[in-house]
Amino acid sequence: MSIPIKTVVPRQIDTIKMNPEIISLVKEYFTELSEPSLQEEIAKVGVIREFKEGEIIMNFGSFVTAVPLVVKGSIKVVREEEEDNKEVLLYFLNAGETCSMSFSCCMMDKRSDIRTTAEDDSKIIAIPIKHVNDWMSKYPSWRNFVMRSYDSRMQELVKTLDSIAFKKMDERLWEYLLKRSKAHHSNIIHSTHQTIANDLNASREAISRLLKQLEKKGAISLERNKIVLL
DNA sequence: ACATTAAGTGATT
DNA sequence: AATCACTTAATGT
């Protein structure tokens, strides 16, 4: 049988289709981006991408080609210490948020210092970087949005910094658990003690013991691969 | 039933 | 609090 070769339909430049799904997602999760013309542009150039739980979205060293607007799920942002292969958990990105690191990477045209993985099944609107810059001068709300996400991310980082510097492991663990349950909108956390230990740069045994204490206090209950906050 | 992986324990530094 | 050297428990094949 012969299959007719499909010719590429030439696309009119001035009438790129808007993706209506993107418009409604922006309206729902990024209310700050209120200018209709901005929303339209996002709907034209944005691409919806979905990631399965555990999937690596961006690895170290790769060039950042798009800025993500997270609309569903949770994304884990991690930095690696070159020397001894250790990871530092920077933060989780949830719906309605964006990655400040990607802004700076794309504006400096730098390779990524970080790795992002889908903590949950996640969905993002990917904005190709060339627009990210254009919109900075074109749309005040976009500029504010970028600035504000820098600011809140900075605060977040300062918090984790002094958590590491001044807090004991048990407090850090508790904060970590709260953060994760919040990110998943669920008080059930699916994770091994080993993974938690890696995120907090602690040993597995230490985490196991601290979790046991929390269980005794009645704050959580433990099962294999599962922690339930009470 | 057996192998593999996760979690628990105690001793040592 | 880390590391080691186990043990025990849960799960996958």
Side-chain angles (χ1 to χ4, degrees), chain A residues 49-62 68 70-97 99-102 111-124 152-230:
Chain A
R49 300 189 60 191
E50 295 187 67
F51 299 93
K52 297 238 176 72
E53 180 178 342
E55 205 174 332
I56 294 178
I57 296 171
M58 184 166 305
N59 217 331
F60 308 107
S62 55
V70 182
V71 294
K72 186 192 137 200
S74 178
I75 291 170
K76 184 176 170 183
V77 182
V78 163
R79 186 180 151 69
E80 180 155 325
E81 193 185 276
E82 296 276 350
E83 294 128 36
D84 41 9
N85 203 32
K86 283 197 172 177
E87 290 186 350
V88 184
L89 172 70
L90 293 182
Y91 45 75
F92 291 102
L93 288 175
N94 300 313
E97 298 179 327
C99 182
S100 308
M101 293 301 284
S102 70
R111 282 168 190 276
S112 168
D113 295 327
I114 56 171
R115 178 171 62 209
T116 55
T117 53
E119 180 71 11
D120 250 349
D121 292 355
S122 303
K123 193 180 199 177
I124 66 171
S152 57
R153 202 50 69 192
M154 185 67 80
Q155 285 180 25
E156 170 104 23
L157 283 177
V158 169
K159 266 207 294 190
T160 54
L161 175 63
D162 66 36
S163 157
I164 290 170
F166 304 122
K167 291 190 179 161
K168 289 184 200 144
M169 203 54 225
D170 54 349
E171 290 175 88
R172 292 182 56 202
L173 175 61
W174 182 241
E175 283 173 8
Y176 172 88
L177 293 175
L178 290 179
K179 227 184 255 186
R180 286 199 52 178
S181 99
K182 212 172 154 192
H184 294 109
H185 307 291
S186 152
N187 48 347
I188 300 165
I189 297 166
H190 290 275
S191 175
T192 66
H193 297 182
Q194 184 64 63
T195 317
I196 298 171
N198 289 341
D199 285 345
L200 296 173
N201 288 303
S203 69
R204 192 213 92 228
E205 293 92 323
I207 297 301
S208 288
R209 283 166 181 146
L210 290 171
L211 285 170
K212 256 277 118 79
Q213 282 176 225
L214 285 171
E215 190 181 34
K216 254 181 217 159
K217 283 201 291 186
I220 60 175
S221 73
L222 296 172
E223 282 167 59
R224 181 181 239 242
N225 276 320
K226 190 174 162 194
I227 299 166
V228 183
L229 306 217
L230 302 172

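Values in this document were obtained by computation on a predicted structure and should not be read as measured data. Per chain, numbering begins at 1; letters A, B, ... match sequence-line order.
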Subject >> Residues which pass side-chain contact (heavy atoms from CB on, under 4.5 Å) with A:S102, listed by chain and number, not counting sequence neighbours >> reply: A:V64, A:V67, A:P68, A:C99
Original post:
Can you name the salt bridge (Lys or Arg N to Asp or Glu O under 4.0 Å) partners of A:E175, sequence neighbours left out?
Top reply: A:K167
Subject >> Partners meeting salt bridge (Lys or Arg N to Asp or Glu O under 4.0 Å) with A:R153 (sequence neighbours left out) >> reply: A:E97, A:E156
Original post:
What residues, two or more places apart in sequence or in another chain, satisfy salt bridge (Lys or Arg N to Asp or Glu O under 4.0 Å) together with A:D199?
Top reply: A:K76
**OP:** Anything under 4.0 Å to a heavy atom of chain A counts; send over the first and last such nucleotide of DNA chain C, read 5' to 3'.
**Re:** C:dA1 to C:dT11
Original post:
Who passes side-chain contact (heavy atoms from CB on, under 4.5 Å) against A:K226, sequence neighbours left out?
Top reply: A:I188, A:H190, A:E223, A:V228
Subject >> chain A contact limits on DNA chain B, taken 5' to 3' with a cut-off of 4.0 angstrom to heavy atoms >> reply: B:dT5 to B:dG10
**OP:** Only counting residues at least two apart or in another chain, list the ones meeting salt bridge (Lys or Arg N to Asp or Glu O under 4.0 Å) with A:K72.
**Re:** none
Original post:
Among residues 196-204 of chain A, which contact DNA chain B at a heavy-atom distance under 4.0 Å?
Top reply: A:R204
**OP:** Return the set of residues passing side-chain contact (heavy atoms from CB on, under 4.5 Å) with A:N225 (not counting sequence neighbours), or none when no residue passes.
**Re:** A:T192
**OP:** Mind running a 4.0 Å heavy-atom check of residues 212-230 of chain A against DNA chain B and sending the residues that fall below it, in number order?
**Re:** A:K212, A:R224, A:N225
Original post:
With sequence neighbours left out, what residues match A:A95 under side-chain contact (heavy atoms from CB on, under 4.5 Å)?
Top reply: A:Y29
